[in-house]
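The structure appears right after this line, and notes come after that.
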Amino acid sequence: MAVFEGPEKKLEIILFSAQDGLRENRQDRWRAVAAASGAEIISHISSSSLDAYLLSESSLFVWPDRILMITCGQTVLLRALPKILSIVGRQNVAMVFYERKNLMFPADQPADFEADVAMLTANFPGKSYRLGPANADHVHLFFSSHAGIEPTPDATLQVLMSDLSPDTARRFFAGNGTAERIVARTGLDTLYGRMQIDSHLFTPAGFSANGIRDQRYFTVHVTPQKDGSYTSFETNVIEADYTRVVSRVLDIFAPERFTLVLTSSMDPSCRPLHRTLEDSLGGYEPMEKSYHEFNCGYAVTFFNCGKTAAGDAAS
C-alpha cells in the first residue's frame with residue numbers, strides 16, 4: 001500500500017464581523033475552494049451556526065464570521081486562499097492563522113512551510129514560529145492580525161497522534177464495517193453529547209469524522225497504514241478542564257506518542273485553560289513543553305508526549 005501523509009495543514013481566517021450569506025454554497029463555491037487545494041467535498045452537515053464539509057483530505061468548516069480549512073496528503077491548502085479571499089474580501093479579514101505539523105514524507109510534498117509563508121505574506125504581513133524541536137515532532141505556525149483586534153473567548157484543542165497500536169489501526173481499514181459503526185464502536189459519539197456526526201470510511205483505508213452542534217465542532221482524521229500511522233483530533237469546545245476529553249481520545253486511539261496543542265485567546269476566561277493540560281496525560285509523560293503568548297492576542301501551549309513504562313504495561 002502506498003504511503004499517505006496524514007499530518008495536516010490548517011488555515012483559519014477570522015473576519016472583522018459576520019457576513020450575511022457566507023455559509024451559502026452559491027454556484028458550488030465551497031466545492032471550488034476544496035478543489036483549488038486538490039481536495040473534493042464528500043459530504044456536508046449543518047447546524048444553526050456552522051456548516052461542516054468532509055473532504056477527501058480532511059475538512060472544511062464555515063461560520064458567518066470565519067473559515068477553517070484542514071487538508072492532508074499531497075494537497076496544497078494555500079492554493080485555496082485566492083478563492084476564499086474572492087468570497088470574503090481581503091479587506092474584511094481580521095486575523096489569519098496557518099499551521100503545519102512536521103511531515104512524515106516531506107520529499108513527496110509539492111510545497112514546504114517556507115513556500116507557504118511566502119504565499120501568505122504576499123497577502124498578509126505576519127510572523128512565523130516553530131513549536132517543538134527541529135529533530136522531533138513540531139508544529140509550524142504563522143499568524144497575521146490587525147492592530148487593536150480584541151479576540152473574543154476562543155480556544156482550540158488538538159491531539160496529534162502518531163504510531164497507533166496495530167489493534168487500533170486495524171479498525172480503520174475498509175471491510176471492518178461502516179463508518180457509522182466505527183463511530184459507535186470507538187465511542188466517538190460519546191465524546192460530546194447531542195452532536196450531529198458525519199463520517200466516512202475510505203477504501204482501502206482511512207477514516208474521517210466531523211461532529212457539530214451550534215457553533216462547536218470536533219473533527220477526527222485517521223491514517224492507519226503501518227508506515228506512518230497517524231490520527232488528528234481537534235475541537236473548539238471550551239472546557240474548564242480538558243482531562244476527560246484528552247484521556248478519552250488517547251484511550252480510543254492508543255498512540256505511542258502525541259503532540260498536544262491548545263490555542264486560545266488571552267481572554268480572562270481562557271487563560272486558566274492552559275493550566276489543566278498536564279493533568280490530562282494519563283499513561284504518557286511530557287518530553288517537551290512550552291507556552292507562548294503572541295501579540296495577536298492568542299496564547300499556545302505545546303506538549304510532546306510519549307508512553308511511560310506504566311502506560312506500555314497497561315496497553
Side-chain angles (χ1 to χ4, degrees), residues 8-26 28-73 75 77-81 83-88 92-101 143 151-160 183 188 191-192 194-200 207-222 231-238 245 261-265 298:
E8 294 104 344
K9 308 98 175 178
K10 172 182 167 182
L11 174 68
E12 185 167 12
I13 294 177
I14 302 174
L15 307 178
F16 284 108
S17 60
Q19 291 187 3
D20 290 339
L22 180 60
R23 293 174 55 193
E24 296 175 6
N25 196 21
R26 295 192 297 267
D28 229 10
R29 61 187 183 181
W30 297 116
R31 190 171 299 277
V33 166
S37 75
E40 298 178 358
I41 291 175
I42 295 173
S43 55
H44 164 232
I45 54 175
S46 296
S47 71
S48 59
S49 305
L50 169 63
D51 288 275
Y53 298 86
L54 269 185
L55 304 182
S56 55
E57 287 86 0
S58 300
S59 296
L60 168 66
F61 300 91
V62 184
W63 294 260
D65 64 346
R66 69 179 62 196
I67 296 162
L68 170 63
M69 188 170 179
I70 305 168
T71 69
C72 58
T75 56
L77 171 52
L78 291 182
R79 288 179 183 165
L81 182 59
K83 291 279 188 185
I84 294 172
L85 295 182
S86 72
I87 295 170
V88 302
N92 297 316
V93 175
M95 305 184 76
V96 176
F97 290 93
Y98 180 70
E99 180 185 302
R100 183 167 175 165
K101 192 181 182 297
F143 70 81
T152 56
D154 183 22
T156 301
L157 175 74
Q158 296 170 271
V159 189
L160 311 176
V183 168
L188 286 171
L191 286 175
Y192 300 104
R194 294 180 292 169
M195 274 203 176
Q196 180 185 359
I197 296 178
D198 183 21
S199 58
H200 185 84
F207 173 83
S208 289
N210 290 333
I212 60 173
R213 182 187 177 198
D214 301 328
Q215 77 273 27
R216 302 301 182 191
Y217 73 91
F218 79 85
T219 187
V220 170
H221 304 284
V222 183
T231 296
S232 64
F233 168 84
E234 175 173 326
T235 184
N236 70 341
V237 175
I238 299 176
V245 68
V261 183
L262 176 64
T263 305
S264 83
S265 58
Y298 277 76

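When the shell of 6.0 Å around CZ of Arg79 is examined, it contains 12 or fewer heavy atoms from other residues, nucleotides or ligands.
Applying the salt bridge (Lys or Arg N to Asp or Glu O under 4.0 Å) test to pairs two or more places apart or on separate chains, those with a residue in residues 37-63 are Arg23-Asp51. Counting only residues at least two apart or on different chains, the side chain to side chain donor-acceptor pair (under 3.5 Å) pairs with a member in residues 9-18 are Lys9-Gln109, Lys10-Glu234, Glu12-Arg66.
Counting only N and O atoms by type, the side chains of Thr71 and Ser37 include no donor and acceptor under 3.5 Å apart.
Within the 4.5 Å cutoff, side-chain heavy atoms of Ile13 are placed close to those of Leu81.
For Ser43, the side-chain contact (heavy atoms from CB on, under 4.5 Å) partners two or more places apart in sequence, or in a different chain, are Leu54, Asp198. Remark: Glu8 pairs with Ser232 by the side chain to side chain donor-acceptor pair (under 3.5 Å) rule, at least two apart or across chains. For Thr263, the side-chain contact (heavy atoms from CB on, under 4.5 Å) criterion is met by Val261, Tyr298, Val300, not counting sequence neighbours. Residues satisfying the side-chain contact (heavy atoms from CB on, under 4.5 Å) criterion with Arg31, sequence neighbours excluded, are Asp28, Ile41.
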Problem - Derivation and outcome, side chain to side chain contact (heavy atoms under 4.5 Å, CB included), residues Phe61 and Asn236 - result: CA-CA 12 Å; Phe61 300 91; Asn236 70 341; over 6 Å; no
Exercise for the section: With side chain to side chain contact (heavy atoms under 4.5 Å, CB included) as the test, would you mind laying out the steps for Asn210 and Tyr53 before giving the verdict? Expected result: CA-CA 8 Å; Asn210 290 333; Tyr53 298 86; 5.7 Å; no
Practice task
Begin with the C-alpha distance, continue with both residues' side-chain angles, and end with the deciding distance and a verdict on side chain to side chain contact (heavy atoms under 4.5 Å, CB included) for Thr231 and Phe207.
Solution key: CA-CA 9 Å; Thr231 296; Phe207 173 83; over 6 Å; no
Problem - side chain to side chain contact (heavy atoms under 4.5 Å, CB included) assessment of Arg213 paired with Tyr192 - result: CA-CA 9 Å; Arg213 182 187 177 198; Tyr192 300 104; over 6 Å; no
